[in-house]
Each structure stands twice: as structure tokens, then as C-alpha cells.
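Report on the structure given below.
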Amino acid sequence: MSKRKYGKELGFQTRAVHTGNDVDSETNAIKRPITMGNSYELPYDPTNINWSSADKILYTRNGGSNQKYLEEKIANLENGEDAIVLASGVGALSGLFFSILSSGDHVVFSNVTYIAAYRLLNELFNNKFKVDTTIVDTTDLEEIRKVIKPNTKLVHIETPGNPTIGISDIAEIAKIAHECGALLSVDNTFASPFNQRPLELGADYVIESLTKYINGHGDSMGGAIIANKKELLDPIREQAQVNLGATISPFNAWLIMRGSVTLPLRMKAHNENAQKVAEWLESQEKVSFVSYPGLKSNKGHEIAKKQMFNGYGGMIAFGLNADHDKHNEFVSYLKIITSAVSLGHDESLIVFIGEDDERQYLYPEEFNNGFFRFSVGIEDVEDIIEDLRQALEKSELL
């Protein structure tokens, strides 16, 4: 939709600033305005219009102008041909699954996935729509090969995985999926396109929760599906957006567009801070384990080094040599780090996942006594580490 085009010859930061933006034709403002109208003027003869089409801006459920600008930017940053932006990350996941899966299809998916993806595939699609699903450790390529069936339609992975930060080999899994005629979708939320671009490694679809790093300010929600071929997205846009109504609001699209401009700058800080924090945590006697792909001791380090760039993201999982209550006590002493769900905000966020979590049976053994999912923010890293140190001390764990 923008008159100006910004290709791969330009740097990621330049494209983050400019793609999707243009001078407003009516006011000459150099930033796109929020268009809050939910209906747009029809052509002279509207009788031949397909009212379920998203090709033309007719009605905001069919797609609005702010959404289109954001889609242009997200596709560009992922080096994809096209993108669909929806109301949330879960809207993107469910929109993808609903649109491409049919009764009798088989799906292989990561044993470590976002809880909504786990429930969609392990419960909803399985029980209601008779889609056959298999949970597997996608960090193990042989395990994936063992469960592939003739009717496997989709392999869905997260890497890094939520919440254990496991690393799956995108390029190799793409080969396995394509050899049997299946598609590969990759949830890239923990990495963001600044650190990893799965389409370049052979993925067919990439999902991003725009709520997280791409927006980065903790004040809006959105999700995106990106592909290298527009025809892969057309049925999803019609079904998930127009007919299911998972359309993003113009205001949220505008907020995410604004937040995405600083994605490269923020991710540099997230990457640098998380690396230093992970190294510090690993040196602490009362920390039972640290899961972060930037650590040489991490099981997935070599694969992460191969497929990630600019750093290893801002997400850490770690546990304490302590009981359930002591984990909560530790959190209560934190002053800068906030106990809250979500991730990828400018501020550091932590959540304690207890030993009774419904997915504990799927996690590596070291996670089974409860652990923290830690989204490292962009504060001064010395202040983050000091906050952790003093909380360990007050909890009598130092």
C-alpha cells in the first residue's frame, strides 16, 4: 500500500523504521494516521463485490488500512511475500490451524509449545474436528521421523520453545516435513525476526505474537502469519479474518506499527542483557539449572548458533534448589523485575511455573520441581542482576 518500497538491499533497522509508512495523502503527515472508521466508501457499482473478500477495503472486518500497513511491514521484516495480521497471537495460531486442517489430517507438534497451541491441537482440534495429533520432542529429529504418517498435513514447532526455551532445527525439520508432503509452521515469537527468520530456513508459515517483542511496550495485542507465497495466505485471510472475525483493531495495529520501529534497538538490549544474566545465574550455587541458548553448556547451543543471529533472544528459564514456597518467596523480594505473564516488554517480567503445571510431563526432568520463565527487559543489566542477587539473599539462597 505504500508508494515507497524498501527491499532487502537495505538494513533491517532501516526497513523497521520505514516499511509500511508513507506521507498521508490528505494531511501530508509523515506518519500514518489511525483510521477508526469501520466502513469505507463503495465503488459506483458494488453489485459484483465479493463481500467475503479481503482484497478491497470495504469494512474493517475484511481488513482496514492500519492493518494493511502493518502487514506490509511484518512481511518485509520476515523476508516473506505476504502477511496476515490478526487480533492476537492465539488468533493467528487458531486461524492457521482452522484454515488448513481438515478431519482426518495428522499434525505433529512440539512437546513444548505455548499453552493455547497445546490446547488447540491436543484437545480442541483433536476432539471436535477429528484431527489426529501427535506430541513429540522436536529437538530430536529421529523422534519426528518416527511419528510421521501418510496423512501428516502439518508439522508445528516453536523455537525457542515456550516455556523451556528448547531449540529445534528448523532447516532439518523442514526437510522432514516436505519429504512427506507436509507443511511446516514455526512460532517465532521468542526470537522475533531480528534474531531468526524461519522462512529463509524452509518453513512454509511463520507465526508471531505481535503482542510480544514486535510491539515491545506491553500495551496492545496482535498476531501475524507470514508466508513466502501469497496463495498460502489467501484462504486463511478469508476464513480466519473475514468469516471468523479475528481482525485486529485499527488502534492496536497502529500501536504495534509504532512499537515495531524500535524492534532492532530493543532486541539488541534484550540479547545482551539476557546473555549476561544467564551467565550470572549459571554461576550461582542455589540456581539448579539455566536454560538459555546463548550458553555453551546449553543442549541447543550449536543449533541456535546455526539458525539464530544477532544474539539468542531475551527469554531464560531457570530453577532454584528450593521448595515451592521458596520460589514464591524469591519472587516477592524482587523490586525491578515484575511478576506477570506475557513477555517481550521493555521491562523485565518473571512467572513461576509450578510443579503441578498440566504440561510438566512433557518437560525435561530438571523442570519438574517448578521453574521460572524470565523475560529479560532492557533496563541496565547491572540493575537486573542486583535485583536477582538481593532477592536470593533475602530468600536465604545466597
Side-chain angles (χ1 to χ4, degrees), residues 1-7 15 18-78 80-100 205 207-208 210-211 214-215 219-261:
M1 290 186 67
S2 298
K3 294 178 182 177
R4 304 175 185 177
K5 300 297 179 183
Y6 303 93
R15 289 185 285 136
H18 290 285
T19 305
N21 193 43
D22 216 332
V23 176
D24 179 51
S25 60
E26 183 173 351
T27 65
N28 289 330
I30 63 170
K31 289 289 182 184
R32 295 288 196 185
I34 307 172
T35 304
M36 292 300 291
N38 62 17
S39 189
Y40 293 77
E41 185 179 31
L42 296 173
Y44 171 76
D45 183 359
T47 57
N48 291 323
I49 290 175
N50 176 359
W51 301 109
S52 291
S53 171
D55 291 340
K56 293 183 179 180
I57 299 179
L58 309 168
Y59 181 58
T60 298
R61 179 165 54 81
N62 296 59
S65 54
N66 292 104
Q67 176 186 352
K68 299 294 185 185
Y69 305 146
L70 181 57
E71 287 173 344
E72 184 179 345
K73 173 168 284 191
I74 298 302
N76 184 292
L77 296 183
E78 296 278 359
E81 182 179 302
D82 197 10
I84 303 170
V85 168
L86 298 171
S88 67
V90 174
L93 287 167
S94 58
L96 173 68
F97 300 153
F98 180 86
S99 301
I100 71 172
Y205 297 103
I207 298 95
E208 295 277 2
L210 304 176
T211 309
I214 291 175
N215 175 56
D219 56 9
S220 63
M221 297 188 75
I225 310 165
I226 309 97
N228 269 329
K229 299 177 182 177
K230 186 177 182 298
E231 57 265 30
L232 288 175
L233 295 178
D234 287 340
I236 303 173
R237 183 173 275 115
E238 180 176 323
Q239 294 179 47
Q241 177 178 304
V242 181
N243 293 323
L244 290 181
T247 315
I248 193 170
S249 77
F251 187 44
N252 277 356
W254 184 87
L255 283 171
I256 296 168
M257 187 78 169
R258 176 218 59 183
S260 65
V261 170

message: side chain to side chain contact (heavy atoms under 4.5 Å, CB included) for Ile248 and Ile256? Distances and angles first, verdict last.
response: CA-CA 11 Å; Ile248 193 170; Ile256 296 168; 3.9 Å; yes
message: I want to check something: taking the side chain as every heavy atom from C-beta on, are Leu244 and Gln239 in contact at a cut-off of under 4.5 Å?
response: no
message: Test side chain to side chain contact (heavy atoms under 4.5 Å, CB included) on Arg258 and Asp219; report intermediate values, then the result.
response: CA-CA 11 Å; Arg258 176 218 59 183; Asp219 56 9; 3.1 Å; yes
- prompt: So, Tyr205 side chain and Leu232 main chain: donor-acceptor pair closer than 3.5 Å or not?
  reply: yes
query: Is there side-chain contact between Val261 and Asn21, with at least one heavy-atom pair below 4.5 Å?
result: no
task: Report yes or no: does Gln67 contribute a side-chain atom to a donor-acceptor pair with the main-chain N or O of Ala253 at less than 3.5 Å?
output: no
task: Give a yes or no on whether the backbone of Asn62 and the side-chain of Gln241 come within a donor-acceptor separation of less than 3.5 Å.
output: yes
Value rounded to 0.5 Å, distance of CZ in Arg15 from NZ in Lys73: 11.0 Å
query: When rounded to the nearest 0.5 angstrom, what is the spacing between CD1 in Ile49 and OH in Tyr59?
result: 15.0 Å
query: Between the side chain of Asn66 and the main-chain N/O of Pro33, is any donor-acceptor distance below 3.5 Å?
result: yes
- line: With sequence neighbours left out, the residues meeting salt bridge (Lys or Arg N to Asp or Glu O under 4.0 Å) with Lys230 are Asp234
query: Under a 4.5 Å cut-off applied to non-hydrogen side-chain atoms, are Ser260 and Ile214 in contact?
result: yes
task: Go through the steps for Glu71 and Ile84 under the test side chain to side chain contact (heavy atoms under 4.5 Å, CB included), then give the verdict.
output: CA-CA 6 Å; Glu71 287 173 344; Ile84 303 170; 4.2 Å; yes
task: Could you tell me the separation between the CZ atom of Arg61 and the OG1 atom of Thr247, rounded to the nearest 0.5 Å?
output: 7.0 Å
task: Give, for atom OG of Ser99 and atom CZ of Arg237, the distance between the pair rounded to the nearest 0.5 Å.
output: 11.0 Å
statement: Correct closest heavy-atom pair for Ala240 and Gly95 would be CB-CA, 3.5 Å
query: Should the heavy atoms of other residues, nucleotides or ligands under 6.0 Å from CZ of Phe98 be counted, would the total exceed 12?
result: no
field: Closest non-hydrogen atom pair between Ser39 and Thr60, with its separation
entry: N-OG1, 4.5 Å
- prompt: Ignoring hydrogens and geometry, is there a side-chain-to-backbone donor-acceptor pair from Thr211 to Gly222 under 3.5 Å?
  reply: yes
task: Taking all non-hydrogen atoms of both residues into account, name the closest pair between Gly223 and Ala92 and its distance.
output: C-CB, 4.0 Å
query: What pair of heavy atoms forms the shortest contact from Thr35 to Pro250, and how long is it?
result: O-CB, 3.3 Å
- line: When rounded to the nearest 0.5 Å, the distance separating CG of Leu233 from CG of Leu96 is 9.0 Å
query: Side chain of Trp254, backbone of Arg32: donor and acceptor closer than 3.5 Å?
result: yes
- prompt: Going from CZ on Phe97 to CD1 on Ile236, what distance comes out if it is rounded to the nearest 0.5 angstrom?
  reply: 10.5 Å
query: So which heavy atom on Asn252 is nearest to which on Ser220, and how close?
result: OD1-CB, 3.6 Å
field: side chain to side chain contact (heavy atoms under 4.5 Å, CB included) assessment of Leu77 paired with Thr19
entry: CA-CA 9 Å; Leu77 296 183; Thr19 305; 5.6 Å; no
field: Heavy-atom neighbours of Glu231 CD exceed 12 at 6.0 Å
entry: yes
Side-chain donor/acceptor of Asp82 to backbone N/O of Ala75, under 3.5 Å: no
